[in-house]
There are 2 protein chains.
Amino acid sequence: MAAKLTPTSYALLGLLRLQPWSAYQLTTYMQSTALNFIWPRANAGIYNEPKKLVAHGLATARVEPNAGRRRTIYEITGKGRRALAAWLARPNGEWSFASEAALQIFFADGAGLEELRAQLRALIEHGRDRYQMDQAMVAHWLGEGPRFPARLHFTAMMADLISSLTTAIDDWASRWLLLSESWPDTALNDVNETQAREILERLLETLGTRDN
Amino acid sequence: MAAKLTPTSYALLGLLRLQPWSAYQLTTYMQSTALNFIWPRANAGIYNEPKKLVAHGLATARVEPNAGRRRTIYEITGKGRRALAAWLARPNGEWSFASEAALQIFFADGAGLEELRAQLRALIEHGRDRYQMDQAMVAHWLGEGPRFPARLHFTAMMADLISSLTTAIDDWASRWLLLSESWPDTALNDVNETQAREILERLLETLGTRDN
DNA sequence: TAGCTCATACTCCACTTTAGAGTATCGTCA
DNA sequence: TGACGATACTCTAAAGTGGAGTATGAGCTA
């Protein structure tokens, strides 16, 4: 009877290893921290997950009063610790990206130049919002310290990853916003064909130096 | 009676705008091109989507013989074109990332140093596989040209995006593989605390220059 | 010729996940 | 007293998934 655990299960086990949590705390933490960037999950799904952990003996639940209300506190079990350790020992290089914005840009030859550029600007604006949010968090970590001070290095690692990706997308959108300045429209023409070939040639070089 | 269209619906409309497609062709194209990077979708879902488009009058379907077999060919309608154009005119800066690997790295304080480093190496290896794949595609586009020659600039745009993200993650993993060389274990210590603070301080600077 | 493999062409399905609400209670404030 | 925000959690129709499966035809080999 192998428990059908998902990465979400393991994420919660990872948090429970640090301390006991209420379901609300787990959900709030997962949705307001770096975790929401590297493993975005819907509210309802997170609430359901600890119940599954309990059903499989990986966590325990107790209901306690809290300021006149009841809340459920979850704690990891020994079995849960072992399941987490086994998962951590299984290397996995996978990641995925998805973007409706990028999809719209990919099909922008069905729209006008100004619409394409508006999409690129929207991506840049979205990145700006992200930067402001991240800046406040980083300043807080350097000042008061993170929620888990003993994990500062992991906090920094994730902040570095998020910033790297946000910056990469920002740079990409800015690059093509600049390149498209000289386009008459979204159709292929001499200007943007030359640009495209140059970019592809540059990519071929870059990829060639990295594939071994 | 507004059709409940998803980004997947629009992606298919975007492809149908270029030419008529069979369901098999739509599925194969979506899963083997840049589209699978910016909007990854399961096989069954893609097969179902064109039927919905037909149900909403955005596409038509006809069954034709093909080498003794039957296949369904879909074509976009005028209504479908208008729905696509309206979607393209709605800017959207959103994107999402998800990675079980990053999740495992985030919780690696529950494992040993070698396990953390194995995770980082797995990410780098995954990137290397990606580079080899992309290299072959880019070489093909520069040689024979892409499937849709008139969209070369959009092909280049997406290749640039994919490469940027792959490179960013590769660099991040390499950076932390290097930084962790001097760690005695995954716990916080003087060495990695100093590293973490330096990274966070550098991030604060970078974010500060980009948030306005 | 028969069998195997691959490509073409698509369906099925139990389960998971989502977006986007909703309900309920308590403390604080005007 | 009523409104608002925080705490605490549930509900649900629709979308999506992984991982098969079925079927047919062409090409190749023993």
Side-chain angles (χ1 to χ4, degrees), chain A residues 1-12 15 20-32 35-36 38-56 59 61-74 92 94 96-100 103, chain B residues 1-12 15 20-32 35-36 38-56 59 61-74 92 94-98 100 103:
Chain A
M1 198 234 35
K4 279 292 178 105
L5 298 181
T6 67
T8 309
S9 313
Y10 293 114
L12 292 195
L15 291 177
W21 300 73
S22 74
Y24 177 80
Q25 286 171 329
L26 285 171
T27 303
T28 304
Y29 190 78
M30 276 213 66
Q31 297 207 314
S32 63
L35 274 178
N36 195 45
I38 59 178
W39 200 252
R41 281 300 171 270
N43 177 294
I46 305 176
Y47 266 108
N48 280 335
E49 198 60 46
K51 298 176 195 177
K52 287 192 216 139
L53 296 180
V54 171
H56 291 300
R62 64 182 156 88
V63 178
E64 71 168 31
N66 181 48
R69 263 167 299 198
R70 349 150 5 105
R71 69 182 176 178
T72 313
I73 303 288
Y74 295 93
N92 174 348
E94 286 176 27
S96 76
F97 169 86
S99 169
E100 188 177 353
L103 197 55
Chain B
M1 202 236 32
K4 281 293 180 103
L5 298 182
T6 68
T8 309
S9 314
Y10 292 113
L12 291 196
L15 291 177
W21 299 73
S22 74
Y24 176 80
Q25 285 171 330
L26 285 170
T27 302
T28 304
Y29 190 78
M30 276 213 66
Q31 298 206 312
S32 63
L35 274 177
N36 196 45
I38 59 177
W39 201 253
R41 280 299 170 271
N43 178 292
I46 305 176
Y47 265 106
N48 280 333
E49 199 61 44
K51 297 175 196 176
K52 288 195 213 134
L53 296 182
V54 171
H56 290 302
R62 63 182 158 89
V63 179
E64 73 168 32
N66 181 49
R69 263 167 301 199
R70 354 158 352 113
R71 69 182 177 178
T72 313
I73 302 288
Y74 295 93
N92 174 346
E94 287 176 25
W95 54 275
S96 75
F97 169 87
E100 189 177 353
L103 197 55

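Within every chain, numbering begins at 1; the chains are lettered A, B, ... in the order of the sequence lines, protein sequences first and strands thereafter. Just so you know, these numbers come straight off a predicted model, no measurement behind them.
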Has Glu64(B) got a side-chain atom pairing as donor or acceptor with Arg71(B)'s backbone, closer than 3.5 angstrom? no
Ignoring hydrogens and geometry, is there a side-chain-to-backbone donor-acceptor pair from Thr72(A) to Val63(A) under 3.5 Å? no
Between atom [atom1] in [X] and atom [atom2] in [N], what is the gap in whole Å?
| X | N | atom1 | atom2 | value |
| --- | --- | --- | --- | --- |
| Leu5(B) | dA15(D) | CG | P | 10 Å |
| Arg69(B) | dT22(D) | CZ | P | 17 Å |
| Tyr29(A) | dC9(D) | OH | P | 19 Å |
| Met30(B) | dA9(C) | CE | P | 19 Å |
| Leu26(B) | dT8(C) | CG | P | 14 Å |
| Leu53(B) | dA15(D) | CG | C1' | 15 Å |
| Tyr74(B) | dA9(C) | OH | C1' | 11 Å |
| Tyr47(A) | dA8(D) | OH | P | 8 Å |

Its contact letters, B for base, S for sugar-phosphate only and - for none at protein heavy atoms under 4.0 Å, make nucleotides 16-21 of chain C read -SSBB-
Residue [X], side-chain heavy atoms: nucleotide from [options] that is nearest:
| X | options | value |
| --- | --- | --- |
| Ala23(B) | dC10(C), dT7(D), dG25(D) | dC10(C) |
| Tyr24(B) | dT25(C), dA8(D), dA9(C) | dA9(C) |
| Lys51(B) | dT11(C), dA9(C), dT7(D) | dT11(C) |

Hey, what are the protein-to-nucleotides 4-6 of chain C N/O distances that come in under 3.5 Å?
none

Could you measure the distance from the [atom1] atom of [X] to the [atom2] atom of [Y]? Nearest 0.5 Å is fine.
| X | Y | atom1 | atom2 | value |
| --- | --- | --- | --- | --- |
| Lys52(A) | Leu12(A) | NZ | CG | 9.5 Å |
| Asn36(A) | Thr28(A) | CG | OG1 | 11.5 Å |
| Thr27(B) | Glu49(B) | OG1 | CD | 10.5 Å |

Close side-chain approach of [X] to [Y], heavy-atom, < 4.5 Å:
| X | Y | answer |
| --- | --- | --- |
| Tyr29(B) | Leu15(B) | yes |
| Lys51(B) | Asn48(B) | yes |
| Leu35(B) | Ile38(B) | yes |
| Leu5(A) | Leu53(A) | yes |

Taking any heavy-atom pair under 4.0 Å as a contact, classify Thr72(A): base, sugar-phosphate, or nothing. sugar-phosphate
Would you classify Arg71(B) as touching base, sugar-phosphate or nothing, given that sugar-phosphate means primed atoms plus P, OP1 and OP2, and contacts are heavy atoms under 4.0 Å? sugar-phosphate
